[in-house]
Protein chains: 2
Amino acid sequence: MTGEEPLDAVDAKLLLALADEPRAPVMALSQRLGLSRNTVQARLGKLERRGALQSFERRIDPAALGYPMSAVITTRVTQRRLEEVADALSRIPEVVEVDGLSGDTDLLVRVVAVDADDLYRIAGQVLASPGVERTSTALVMRRLVGHRLAPLLERSAERPGSPAD
Amino acid sequence: MTGEEPLDAVDAKLLLALADEPRAPVMALSQRLGLSRNTVQARLGKLERRGALQSFERRIDPAALGYPMSAVITTRVTQRRLEEVADALSRIPEVVEVDGLSGDTDLLVRVVAVDADDLYRIAGQVLASPGVERTSTALVMRRLVGHRLAPLLERSAERPGSPAD
DNA sequence: GTTCAGTTGAGCAATCTGCTCAGTGTTGTC
DNA sequence: GACAACACTGAGCAGATTGCTCAACTGAAC
């Protein structure tokens, strides 16, 4: 068991509605879903308590903030120093995301930058972080599919049970 | 010029406040920022119109939806078929993000899955997509630094001018 | 000196919020 | 079948919030 039961169809529909109108008042949502205001409010509260909603920061477009350039830096790290490295990386403001991976590369570091020079500087900082052995920087030239979850939400919204049955 | 001027300090503060309380009413935001309600409303409207706020879907935690497993699949693609491949990938619901990269690997594909079997299946679908030559799947074992933008926002909130001066 | 965008404070009717309560299924259990 | 647990519903209420518009003020640019 995952500890929390996965969301049900109603939750999925609620999230879809929110995806469409993020700042929609509860009233609008309840009408849209054909549920009572009470229910929607309870569901929303449960979603938040459950931690199903991540930080609002994820919605902010770095480009609009003045960082139009984005890159992924795959890094190889001295074993057993992952924590330390992650900590060092988190101190670089332009590092927006770090994932620990299995396989050849240990870390996937996502950074944003103002321009090419800026990116060069940041990549240097990543490489200079204690514990980092080797890095490889790849520019994000184009966002082919923006982060989306709607397809999975729609699946959940239709089926009653768990996502994969 | 980027086409749109970057956000200013007020915008950054507004976004920071929203990051703290995503569903805060405009009134609360205006009090918090020491600005008039009118101004906050105007700013918010401008942010949305400008496209500075991305889809709400980004805030939804796939794990809560029932997809606790995440992986990045780097793929090599037949040249000139990027569009086609991206289109094919976008039809796989579990593909949540696709970036076109410079360098050795052409595509960075982020997928979520219910479990290891599911991931195996999805990786197979990615590889089977027309135009995909080779793939390499790496499991996201741990999120070291969750997607965040606050450090950059705070920088913008303090300095009056552009993000890097 | 004038124009212009951004901000402010005020006002208004309509709506929304947070909260509580009791009633109504729908389940699952013994 | 009886019963408890649970989610959903409809209703109510005081108070806050929204969307909108207006006129006035500020600072900067020209």
Side-chain angles (χ1 to χ4, degrees), chain A residues 1-53 56 59-61 64-66 153 156-163 165, chain B residues 1-53 56 59-61 64-66 153 156-163 165:
Chain A
M1 214 172 290
T2 63
E4 311 121 353
E5 45 185 295
L7 311 188
D8 66 5
V10 175
D11 292 312
K13 281 178 191 152
L14 178 55
L15 289 173
L16 277 171
L18 273 173
D20 196 40
E21 293 180 274
R23 284 190 71 81
V26 176
M27 285 286 281
L29 297 173
S30 66
Q31 289 184 327
R32 182 159 174 172
L33 299 193
L35 295 172
S36 80
R37 179 167 77 96
N38 246 337
T39 301
V40 171
Q41 217 146 29
R43 292 282 188 157
L44 261 188
K46 200 177 292 181
L47 284 178
E48 286 194 358
R49 256 177 283 117
R50 197 184 301 197
L53 295 182
F56 176 86
R59 284 197 54 203
I60 304 172
D61 182 7
L65 237 191
L153 281 174
S156 293
E158 288 170 11
R159 309 194 184 179
S162 49
D165 41 12
Chain B
M1 211 175 292
T2 63
E4 312 122 351
E5 45 184 295
L7 311 189
D8 66 6
V10 176
D11 292 312
K13 280 178 191 154
L14 179 54
L15 290 173
L16 277 171
L18 273 173
D20 196 40
E21 294 181 273
R23 284 190 73 81
V26 176
M27 283 287 280
L29 296 173
S30 66
Q31 289 184 328
R32 183 160 172 170
L33 299 192
L35 296 172
S36 80
R37 179 168 77 95
N38 245 339
T39 301
V40 171
Q41 217 145 31
R43 292 283 187 156
L44 261 187
K46 199 178 294 180
L47 284 178
E48 288 193 359
R49 254 176 284 116
R50 195 184 302 193
L53 296 181
F56 176 86
R59 283 198 55 203
I60 304 173
D61 183 7
L65 238 190
L153 282 174
S156 292
E158 288 170 13
R159 309 193 184 180
S162 49
D165 43 12

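As the structure is a prediction and not an experimental result, all values here were calculated from the model. Just so we're on the same page: letters track the sequence lines, and every chain starts at 1.
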Colleague: Rounded to the Å, how far apart are A:L44 CG and D:dA7 P?
Modeller: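 A:L44 atom CG is separated from D:dA7 atom P by 16 Å.
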Colleague: Just compare D:dC8, C:dT20, D:dA7 and give me whichever is closest to any side-chain atom of A:N38.
Modeller: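 My answer, after comparing the listed nucleotides, is C:dT20.
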Colleague: Rounded to the nearest 0.5 Å, what's the gap from NZ on B:K13 to CD on B:E158? Could you check?
Modeller: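 Between B:K13 NZ and B:E158 CD, I get 8.5 Å after rounding to 0.5 Å.
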Colleague: Rounded to whole Å, how long is the line connecting atom CE of B:M27 with atom C1' of D:dG15?
Modeller: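 Atom-to-atom, B:M27 to D:dG15, this comes out as 11 Å.
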Colleague: Can you check the A:R32 CZ to C:dC16 P distance for me, whole Å?
Modeller: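 It works out to 15 Å between those atoms.
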Colleague: What is the separation between atom CG on A:D8 and atom P on D:dC6, rounded to the nearest whole Å?
Modeller: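 Rounded to the whole Å, the gap is 16 Å.
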Colleague: Between B:P25 and A:V40, which has a closest nucleotide on DNA chain D that is more 5'?
Modeller: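 First, find each residue's nearest nucleotide; the 5'-ward one identifies A:V40.
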Colleague: Heavy atoms from C-beta onward define the side chain here; which of C:dT17, D:dC8, D:dT18 lies closest to that of A:Q41?
Modeller: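 Looking only at heavy atoms from C-beta outward on A:Q41, the closest nucleotide is C:dT17.
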Colleague: Quick one: A:R37 CZ to D:dA11 P, roughly how many Å, whole number?
Modeller: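 Answer to the nearest Å: 12 Å.
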Colleague: Under a 3.5 Å distance rule, please check whether B:D11 uses its side chain to pair with a backbone N or O of B:D8 as donor and acceptor.
Modeller: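 Yes; at least one donor-acceptor contact below 3.5 Å.
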Colleague: Is there a side-chain polar atom (N or O) of A:T39 under 4.0 Å from OP1 or OP2 of D:dT9?
Modeller: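 Indeed, a polar side-chain atom of A:T39 lies that close.
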Colleague: At less than 4.0 Å, is any side-chain N or O atom of B:R43 found next to OP1 or OP2 of C:dT7? Yes or no.
Modeller: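 Yes, within the criterion.
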Colleague: Which distance, rounded to the nearest 0.5 Å, do you find between the OG1 of A:T39 and the CG of A:L33?
Modeller: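 Rounded to the nearest 0.5 Å, the OG1-CG separation comes to 10.0 Å.
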Colleague: On the side chain of B:R23, is there an atom forming a donor-acceptor pair with the base of C:dG18 - under 3.5 Å, no angle test?
Modeller: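 Side chain to base: no pair below 3.5 Å.
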Colleague: To the nearest angstrom, how far is B:E21 atom CD from C:dT17 atom P?
Modeller: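 In whole Å, C:dT17 P and B:E21 CD are 15 Å from each other.
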Colleague: Rounded to the nearest 0.5 Å, what separates atom CG in A:L35 from atom CD in A:Q41?
Modeller: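 Output value for this atom pair is 12.5 Å.
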Colleague: Ignoring backbone atoms, establish whether B:S36 has a side-chain N or O less than 4.0 Å from OP1 or OP2 of C:dT7.
Modeller: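 Negative; the distance criterion is not met.
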Colleague: How long is the gap from CG on B:L16 to CD1 on A:I60, to the nearest 0.5 Å?
Modeller: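 CD1 of A:I60 is found 7.0 Å from CG of B:L16.
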Colleague: Please give, in whole Å, the distance from D:dT9 P to A:Q31 CD?
Modeller: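 Interatomic distance, CD of A:Q31 to P of D:dT9: 13 Å.
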Colleague: Please report the distance, rounded to the nearest Å, between CG in B:L14 and P in C:dG6.
Modeller: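 Going from B:L14 (CG) to C:dG6 (P), I get 15 Å.
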